[in-house]
Amino acid sequence: MKKSIDMMNVKTCERCGGIYETFLEINYCPICHKLMEEKLDASKKFLRMNPDASIEEVAISVDLGRKQIIRWMRESRLFF
């Protein structure tokens, strides 16, 4: 008898290390993805209120690393 194996697309979350199934090219589990989207929104709001802010100031204001701010800039999701 031949068994059928469904291949799942499983990834490890970059933020929390949890394992999740995905069909999209996201690097975070659903919980962390939601949190990161909220932090992106907070970053945009901070920049609207502080248009001359530096990357470091934005990172501190939303409690993120500079690398994530730069990643969003490269992805054209955050503009200075």
- [ ] May I ask you to decide if Lys11's main-chain N or O and Tyr20's side chain share a donor-acceptor pair within less than 3.5 Å?
- [x] no

Task: Glu37 side-chain N/O to Lys34 backbone N/O, donor-acceptor pair under 3.5 Å - done: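 No; judged by distance alone, with no hydrogens or angles, the pair does not exist.
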
Open item on the list: Grouping I, L, V, M, F, W and Y whenever their side-chain heavy atoms are under 4.5 Å apart, do Ile70 and Ile60 come out in a common cluster?
Closed with: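 Not linked; separate clusters.
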
- [ ] Run the numbers on Leu64 and Trp72 for side-chain contact (heavy atoms from CB on, under 4.5 Å), then give the verdict.
- [x] CA-CA 12 Å; Leu64 278 177; Trp72 285 332; 3.3 Å; yes

TODO: Specify the closest pair of heavy atoms between Cys29 and Cys13, including all atoms of both residues, with the distance to one decimal.
DONE: N-SG, 3.3 Å

Open item on the list: Which heavy atom of Tyr28 sits nearest to which heavy atom of His33, and what is that distance?
Closed with: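 Taking Tyr28 first and His33 second, the nearest heavy atoms are CB-N, 3.6 Å.
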
Interatomic distance, [X] atom [atom1] to [Y] atom [atom2] [nearest 0.5 angstrom]:
X     : Y     : atom1 : atom2 : answer
Arg74 : Arg77 : CZ    : CZ    : 15.0 Å
Ser54 : Phe80 : OG    : CZ    : 7.0 Å
Ile26 : Glu14 : CD1   : CD    : 10.5 Å

Name each donor-acceptor pair under 3.5 Å that joins a side chain in residues 40-53 to protein atoms two or more places apart or in another chain, with its distance.
| from | atom 1 | to | atom 2 | distance (Å) |
| --- | --- | --- | --- | --- |
| Ser43 | OG | Lys39 | O | 2.9 |
| Asn50 | ND2 | Phe46 | O | 3.0 |

TODO: Check whether more than 12 heavy atoms from other residues, nucleotides or ligands sit under 6.0 Å from atom CD1 of Ile55, and answer yes or no.
DONE: yes

Task: Test log, rule side-chain contact (heavy atoms from CB on, under 4.5 Å), inputs Arg15 and Ile31 - done: CA-CA 10 Å; Arg15 187 173 173 279; Ile31 294 168; over 6 Å; no

Task: For Arg66, salt bridge (charged side-chain N to carboxylate O under 4.0 Å, His left out) partners two or more places apart - done: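 Applying salt bridge (charged side-chain N to carboxylate O under 4.0 Å, His left out) to Arg66 gives Glu56.
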
